[in-house]
K.L.:
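Quick one: this structure, given as structure tokens, is what I'll be asking you about.
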Number of protein chains: 2
Amino acid sequence: MSLKYSILGLLHYQPMHGYRIKEHIEQNFGHMWSINYGQIYPNLKKMKDEALISMNEEICQGEKGPPRKLYTITDKGRAEFQRWLAESPERGMLLRDPFLMRFVFFDFGEDERSLELVDEQIQSWENQLARRYANLARWEGAGVYVRLMAELGVKTNEVLLAWLKEARQEIAAEAGLESRENVTAFLKTE
Amino acid sequence: MSLKYSILGLLHYQPMHGYRIKEHIEQNFGHMWSINYGQIYPNLKKMKDEALISMNEEICQGEKGPPRKLYTITDKGRAEFQRWLAESPERGMLLRDPFLMRFVFFDFGEDERSLELVDEQIQSWENQLARRYANLARWEGAGVYVRLMAELGVKTNEVLLAWLKEARQEIAAEAGLESRENVTAFLKTE
DNA sequence: CCTCTCATGTAAGACGTTACATGATTCA
DNA sequence: TGAATCATGTAACGTCTTACATGAGAGG
């Protein structure tokens, strides 16, 4: 389980409560982790029991909002994190994408519907790319590694998009379907 | 659960038994799916019960090797697959990589150890790239989508590698560490 | 005969998701 | 007062991993 280590890593920046941790992970590791309360709270409890983090119940300390539990990383937590960080990473990359999962089987589907799904995906990845540019700007002043990571996010997204747009052309040609733009151009010259 | 649909997709090519399905998924979707027998056999059983696939126990039909169970996709299975294939994909991409997971926290680690891990990863991704080039060649005659998918595999891998090599330079500079090559070069001119 | 690979399977437990329950604070 | 948001939590369920058990055939 490496959600544990994501949490320990995050707590290096500042003490946080569960709700905030979830927000951070969703914003910063959203493409790596899909997180939910059913994971976060039991994990925090377990990590507290193992003394990797400590909790102090700040009831309305900041005066605003409902009572929350602030978690701080302990020395034991830091040590455990360092041990993990210096380890050679285990098994390889997992890239699981529901679109790509289907794409690889589009040879067995209807080309017209495939093109629709491709267009939806182009839109979706364009939105994602915009969000990643925003991230890049937001982490301008952060550490080297965080910045490099944000750059990777942009780069992989750009490759994905470029590939899918090229693919679209090829699929449309193969299927004998014209893109809306080409059809319009054709009608104009007619 | 979309392992189900991967299996239904694979069975469009030819009838297969569990062991072979696992091999295929590992080779062709290895970067998407990590699969094991604890998943494959219960799934096949369940899918057979739902009549999405049918099984005939070919005991030494091919004469070679131990008895195996050949699964064939049924019409119901094809219909279910078509329904899934034409659906708009659900939630987005999940890219979970144990190296990248650590990388984003290297600001809290020792630069020297980080560089070692980066070098290990460059090696690992170079090996992976070689395998993906091989895949690309192997699927020359396959359908458009399969070929495009293989091309994406190569492209993303290339971006990852290029990024990590650039990152390595930056990290080494930042840490004031020379690469072994540079040190050697220095000693030679001395 | 012994070992390796091919092949099928199960059981226990770790991990993840969904849905729900609870309650405080904020703002209209 | 009622709705939205912030915040914590749990229970049930589903999925995935690990480890093990079994056994046939191939080749030295």
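Below, read A as the first sequence line, B as the second, and so on, with proteins coming before strands; counting in each chain starts at 1.
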K.L.:
In whole angstrom, give the distance that lies between atom CZ of B/R68 and atom C1' of C/dC6.
P.N.:
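Result: 8 Å.
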
K.L.:
Which of the following nucleotides, D/dA7, D/dG9, C/dG9, is nearest to the side chain of A/K69?
P.N.:
D/dG9

K.L.:
Could you check whether any side-chain N or O of B/N43 sits under 3.5 Å from a backbone N or O of B/Q39, counting only pairs where one atom can act as donor and the other as acceptor?
P.N.:
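It does hold such a pair.
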
K.L.:
From the list D/dT8, C/dA7, C/dA24, which nucleotide is the closest neighbour of the side chain of B/Y19?
P.N.:
C/dA7

K.L.:
Write down the protein N/O and nucleotide N/O pairs, taken from nucleotides 17-20 of chain D, whose separation is under 3.5 Å; answer none if there are no such pairs.
P.N.:
residue : atom : partner : partner atom : Å
D/dT17  : OP1  : B/S34   : OG           : 2.6
D/dT17  : OP2  : B/S34   : O            : 3.0
D/dT17  : OP2  : B/S34   : OG           : 3.4
D/dT17  : OP2  : B/N36   : ND2          : 3.2
D/dT17  : OP2  : B/Q39   : NE2          : 2.9

K.L.:
To the nearest Å, give me how far apart CD1 (A/I7) and P (C/dC15) are.
P.N.:
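That distance rounds to 12 Å.
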
K.L.:
Taking the six-membered ring where the residue is Trp, are the ring centres of B/F105 and A/Y13 under 6.0 Å apart?
P.N.:
no

K.L.:
Rounded to the Å, how far apart are A/M47 CE and C/dA14 P?
P.N.:
17 Å

K.L.:
Atom OH of A/Y41 and atom P of C/dA21: how far apart are they, to the nearest Å?
P.N.:
18 Å

K.L.:
Between atom NZ in A/K45 and atom C1' in D/dA11, what is the gap in whole Å?
P.N.:
13 Å

K.L.:
Are A/W163 and A/F103 close enough that their ring centers fall under 6.0 Å?
P.N.:
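Yes; A/F103 has its ring centre under 6.0 Å from that of A/W163.
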
K.L.:
May I have the distance from B/H17 (atom NE2) to D/dG23 (atom P), rounded to whole angstrom?
P.N.:
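Distance check: B/H17 NE2 to D/dG23 P gives 19 Å.
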
K.L.:
Let's see if you can work this out: which of D/dA7, C/dT10, C/dA7 has an atom nearest to the side-chain heavy atoms of A/R20?
P.N.:
D/dA7

K.L.:
In whole angstroms, how far is the C1' atom of D/dG14 from the CG atom of B/N43?
P.N.:
12 Å

K.L.:
Tell me the interatomic distance from B/I40, atom CD1, to D/dC16, atom P, rounded to whole angstroms.
P.N.:
11 Å

K.L.:
Output the rest of the hydrophobic cluster of A/L94: all Ile, Leu, Val, Met, Phe, Trp and Tyr residues reachable through side-chain heavy-atom contacts under 4.5 Å, sorted by chain and number.
P.N.:
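Its cluster partners, ordered by chain and number, are none at all.
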
K.L.:
Taking the six-membered ring for Trp, are A/F81 and A/H12 closer than 6.0 Å centroid to centroid?
P.N.:
yes

